[in-house]
Structure formats: C-alpha cells, structure tokens
Participant: 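Following this message is one structure expressed as structure tokens.
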Amino acid sequence: MSFRTPLSRVTGLGSAKSGTEHFWNQRMTALANVPLMLFSVWLVITLVGADRAQMVATFANPFITGFAILTILSAAIHMRLGLQVVIEDYVHTESTKWLLLMLNSFFAFGVAIIATVSLLKLSFGG
Amino acid sequence: MATLDQWPFARRGQIEGAFDAMAEPNRPLSPHILIYKQEITMVMSIVHRITGVGLYTGTAFLVWWLAAAAISDGAFAVAQGFFGHWFGKLILIGYTWALFHHLLGGLRHFVWDLGKGYGPERYTMAWATIGGSVVLTGIVWLFLI
Ligand code: HEM
Ligand code: HEM
C-alpha cells in the first residue's frame with residue numbers, strides 16, 4: 001500500500017524535491033571525466049617541461065583547447081557536487097556548513113573560469 | 001537478492017543488550033561501524049573519498065600552471081621550475097595515482113549503479129582498483145615521461 005499522493009507520484013521528486021538531479025549530474029560528469037581525464041593525462045605528458053611558445057602552439061589547435069575546456073568544466077561541476085556531499089556528511093553546524101558550501105562553490109567556479117580564460121588566451125596566441 | 005538477515009545487517013541477538021530499549025524482537029539493526037571486521041571494500045570506500053578531495057585541492061595547481069602560461073614567460077618559468085623540482089614531481093606523481101585510483105573506483109561505482117557487483121566479486125574489483133592504479137601510475141611515470 002502506498003501513502004503517496006497522486007501529485008507526488010506524477011512529479012516523482014520525493015519529499016526533498018531534489019537529489020536525483022545531484023546524483024545524476026555526479027554520474028554524468030563522472031562518465032564524461034573518464035575519456036576527458038585520459039585525454040588530459042596525455043596532454044600534460046606532452047607538455048612536460050614545455051616553454052610558453054610550445055604551450056601556445058599546442059593550444060592553437062581548437063580541438064585540444066576545446067577538450068581541455070570541456071575537461072575543466074566537467075571536473076569543476078563533478079568536484080563541486082562531490083565536495084558538497086562530503087561537507088554535508090561531516091559538518092553539522094548550520095552556519096559553518098553554509099559557509100563551507102559557499103566556499104566550495106566559489107572555489108569550483110573560480111577554478112573553472114580562470115582555467116578557461118587562460119586556455120582561451122593561450123589559444124588566441126598567448 | 002540479499003534479505004535482511006544476511007550481510008550487512010545484524011540480528012538483535014548479535015549485539016547483546018545494546019538495543020534493549022527496542023521492543024520489536026528480531027528487527028534488523030544497522031550495526032555500528034566499529035563492530036565490523038575491517039574489509040578492503042571499506043578501505044576503498046574512504047580512499048575514493050580521500051582521492052576525490054585530493055583531486056579537488058590539486059586543481060589549484062592546474063590553475064596555477066595554466067594561468068602562469070597565459071600571463072608571462074617569467075611566471076610560466078616559475079611554475080615549470082616548481083613542477084620540475086623533486087617536490088613538485090612528488091605532488092604530480094601523487095596526483096596521477098589519485099586520479100587513476102579515483103577513476104577506477106568510479107568505474108566500480110558504475111558497475112554498482114547498474115545493479116551488479118555486490119557479490120564476492122566486490123573484493124576482486126577492489127584489488128583490481130589498487131593494482132590498476134599503481135600499474136597505470138607506473139606506466140605514466142616510468143615509460144611516458
Ligand atoms: C576520472 C574520472 C572520474 C570518475 C570516473 C569519477 C567518479 C566518481 C563517482 C562515481 C563519485 C561518486 C561516489 C559516491 O557516490 O560515493 C565521485 C565522487 C567524487 N569525485 Fe570523482 N570521478 C572522476 C574524477 C574526479 C576528479 C577529476 C575530481 C576532482 C577534481 C573528482 C572529485 C570527486 C569528489 C570530491 C567526490 C566526492 C567524494 C565522496 O563523496 O566521497 N573526481 N567520483
Ligand atoms: C539503515 C541503514 C542505512 C541506510 C538507510 C544507509 C543509507 C545510505 C545512503 C542513502 C548512502 C548514500 C549512497 C550514495 O552515496 O550513493 C549511504 C552511503 C554510505 N553508507 Fe550507508 N546506510 C545505512 C547503513 C550503513 C552502515 C551500517 C554503514 C557502515 C557500517 C554504512 C556506510 C556507508 C558508507 C561508507 C557510505 C558511503 C558510500 C560511498 O561513498 O560510496 N551505511 N548509506
């Protein structure tokens with residue numbers, strides 16, 4: 001026997017109204033991360049000890065820069081969701097928790113934006 | 001399909017006297033983590049979390065490297081100098097290992113998400129993750145760099 005109302009059954013969101021999306025985005029970015037990270041490991045290996053001219057030459061290729069930016073965005077979304085769960089698991093003081101959740105967002109967006117702008121600048125000639 | 005009297009649930013009698021206040025006999029209890037035998041899968045669970053947080057923190061180095069390259073020759077030389085130094089290399093080797101471990105651990109999560117891999121094969125997957133992460137890190141650092 002189910003106690004769910006017809007409305008709750010159609011919307012299918014449960015009592016918290018969210019969570020599925022978090023779970024799904026964590027998995028989707030995790031899956032995207034697999035090829036993207038293997039690509040990045042290869043990319044970084046080719047750039048070990050490079051000088052700036054080599055960096056500019058490498059990122060002049062839009063495919064390389066494009067995939068590098070995709071990597072950064074996927075990783076940033078994934079790691080923000082991931083650390084959010086870690087914080088929620090261990091920090092139970094409301095004020096501290098909210099502060100850390102905010103810092104988590106700032107860090108993730110900061111990483112994403114600064115890395116992306118840097119990659120674009122290199123791509124456009126350094 | 002596991003039933004409630006199988007692993008990982010314990011029956012009332014298994015935790016003597018701990019839950020006397022609970023009136024219901026024979027109800028499945030969630031035992032405290034401290035009474036579990038240490039298993040490799042538990043270690044892997046926490047290591048997945050630790051590597052995740054490590055990878056998170058390490059993105060600061062990635063940003064430094066990219067931003068320095070975008071800023072100037074001097075700034076980039078400083079960054080490359082740091083990562084060429086033994087201490088910088090140690091961080092990169094650690095990052096490589098954490099990445100591969102977390103990546104393979106993530107693949108295990110995908111298997112579980114598909115509803116598979118909850119039997120004894122979970123131990124095989126755990127050891128394969130450890131072995132695989134060490135081997136892949138070795139390949140990158142001994143042969144590719
Ligand atoms: C390389 C491919 C990757 C895969 C396949 C992957 C997979 C996963 C999965 C499936 C989870 C969820 C674990 C759970 O539900 O308990 C997770 C958590 C997490 N991931 Fe990743 N991930 C990858 C890369 C990364 C990267 C690059 C970072 C950071 C920059 C990262 C940071 C995290 C963090 C912080 C968590 C939360 C840990 C936790 O809740 O215990 N992951 N990862
Ligand atoms: C009624 C009992 C329990 C319920 C309802 C429950 C529920 C959950 C849920 C919903 C998650 C999150 C799953 C996910 O991230 O995808 C989780 C994760 C976890 N639980 Fe439980 N749990 C229970 C008992 C236990 C016990 C007894 C232990 C250990 C002795 C345990 C250890 C963990 C650990 C280590 C995780 C993190 C898993 C990971 O990072 O992949 N849980 N649990």
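In the text below, chain A, chain B and the rest are named by the order of the sequence lines, each starting its count at 1. A quick note: this is a predicted structure, and the numbers were derived from the prediction, not measured.
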Participant: For a quick test of reading the model, state the closest non-hydrogen atom pair linking B:Ala69 to A:Leu122 and the distance between them.
Facilitator: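 It is O-CD2, 3.5 Å.
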
Participant: Which region of B:Leu144, side chain (C-beta onward) or backbone (N, CA, C, O), has a non-hydrogen atom less than 4.5 Å from a non-hydrogen atom of chain A, or is it both or neither?
Facilitator: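 Both backbone and side chain.
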
Participant: If you count heavy-atom pairs within less than 4.5 Å of chain B, which of A:Gly49, A:Ala50, A:Gly110 leads?
Facilitator: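 Of the options given, most contacts go to A:Ala50.
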
Participant: With only heavy atoms counted, which part of A:Leu38 is less than 4.5 Å from chain B, the side chain, the backbone, both or neither?
Facilitator: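 Contact with chain B: side chain only.
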
Participant: Looking only at heavy atoms, which two atoms of A:Ile72 and A:Ala112 are closest? And how far apart?
Facilitator: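 In this case the closest contact between A:Ile72 and A:Ala112 is CG2-CA, 3.7 Å.
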
Participant: For B:Leu104 and B:Gly132, work out which heavy atoms get closest and say how close.
Facilitator: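 Where B:Leu104 meets B:Gly132 most closely, the heavy atoms are CD1-C, 3.7 Å.
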
Participant: Are any of the side-chain heavy atoms of A:Leu47 and A:Phe59 separated by less than 4.5 Å?
Facilitator: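 Yes. Closest side-chain heavy atoms under 4.5 Å.
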
Participant: So for B:Phe100, is it side chain, backbone, both, or neither that comes closer than 4.5 Å to the heavy atoms of chain A?
Facilitator: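 Just its side chain gets close to chain A.
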
Participant: Does any part of the side chain of A:Ile113, heavy atoms only, come nearer than 4.5 Å to the side chain of A:Val117, both counted from C-beta?
Facilitator: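 When only atoms from C-beta onward are counted, A:Ile113 and A:Val117 do touch, with a gap below 4.5 Å.
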
Participant: Check chain A against chain B and list any donor-acceptor pairs under 3.5 Å.
Facilitator:
from, atom 1, to, atom 2, distance (Å)
A:Arg27, NH1, B:Asp113, OD1, 3.3
A:Arg27, NH1, B:Asp113, OD2, 2.8
A:Ala50, O, B:Gln80, NE2, 2.9
A:Arg52, NE, B:Ala69, O, 2.6
A:Arg52, NH2, B:Ala69, O, 3.2
A:Asp89, OD2, B:Arg49, NH1, 2.9
A:Asp89, OD2, B:Arg49, NH2, 2.9
A:Tyr90, OH, B:Arg49, NH1, 3.0
A:Asn104, O, B:Tyr56, OH, 3.4
A:Asn104, OD1, B:Tyr56, OH, 2.5
A:Lys121, NZ, B:Ala70, O, 2.4

Participant: Within this structure, what is the CG-CG distance for the pair B:Leu55 and B:Leu62, rounded to the nearest 0.5 Å?
Facilitator: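 Those atoms lie 11.0 Å apart.
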
Participant: Can you name the closest pair of heavy atoms from B:Phe110 and A:Leu31 and give their distance?
Facilitator: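 Answer, listing the atom of B:Phe110 first, then A:Leu31: CZ-N, 3.6 Å.
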
Participant: Looking only at heavy atoms, what is the nearest atom pair of A:Ala75 and A:Met37, with distance?
Facilitator: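 Here A:Ala75 and A:Met37 meet closest at CB-CE, 3.9 Å.
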
Participant: Could you check which of B:Ala70, B:Gly52, B:Ala77 has the highest count of heavy-atom pairs closer than 4.5 Å to chain A?
Facilitator: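 Winner by heavy-atom pair count: B:Ala70.
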
Participant: Below 4.5 Å from any heavy atom of chain A, which atoms of B:Ala60 appear? Answer side chain, backbone, both or neither.
Facilitator: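 Contact with chain A is through both the backbone and side chain of B:Ala60.
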
Participant: Taking every heavy-atom pair that is under 4.5 Å apart, which of A:Leu120, A:Leu83, A:Val48, A:Val44 has the most such pairs with chain B?
Facilitator: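 Of the options given, most contacts go to A:Leu83.
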
Participant: Pick one of side chain, backbone, both or neither for B:Leu92, based on which atoms fall under 4.5 Å of a heavy atom in chain A.
Facilitator: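 Contact with chain A involves no heavy atom of B:Leu92 at all.
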
Participant: Other residues, nucleotides and ligands only: do more than 12 of their heavy atoms fall within 6.0 Å of CZ on A:Phe67?
Facilitator: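 No.
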
Participant: Show the nearest heavy-atom pair for residues A:Phe39 and A:Ile64, with the distance to one decimal.
Facilitator: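 Of all heavy-atom pairs spanning A:Phe39 and A:Ile64, the closest is CZ-O, 3.7 Å.
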
Participant: Where does A:Val111 contact chain B at under 4.5 Å (heavy atoms): side chain, backbone, both or neither?
Facilitator: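 For A:Val111, the contact with chain B is made by backbone and side chain together.
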
Participant: At a 4.5 Å cut-off on heavy atoms, which part of B:Leu107 comes close to chain A: side chain, backbone, both, or neither?
Facilitator: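 Only the side chain of B:Leu107 comes within 4.5 Å of chain A.
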
Participant: Under a 4.5 Å cut-off applied to non-hydrogen side-chain atoms, are B:Ile71 and B:Phe76 in contact?
Facilitator: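 SC-SC contact between B:Ile71 and B:Phe76 ruled out.
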
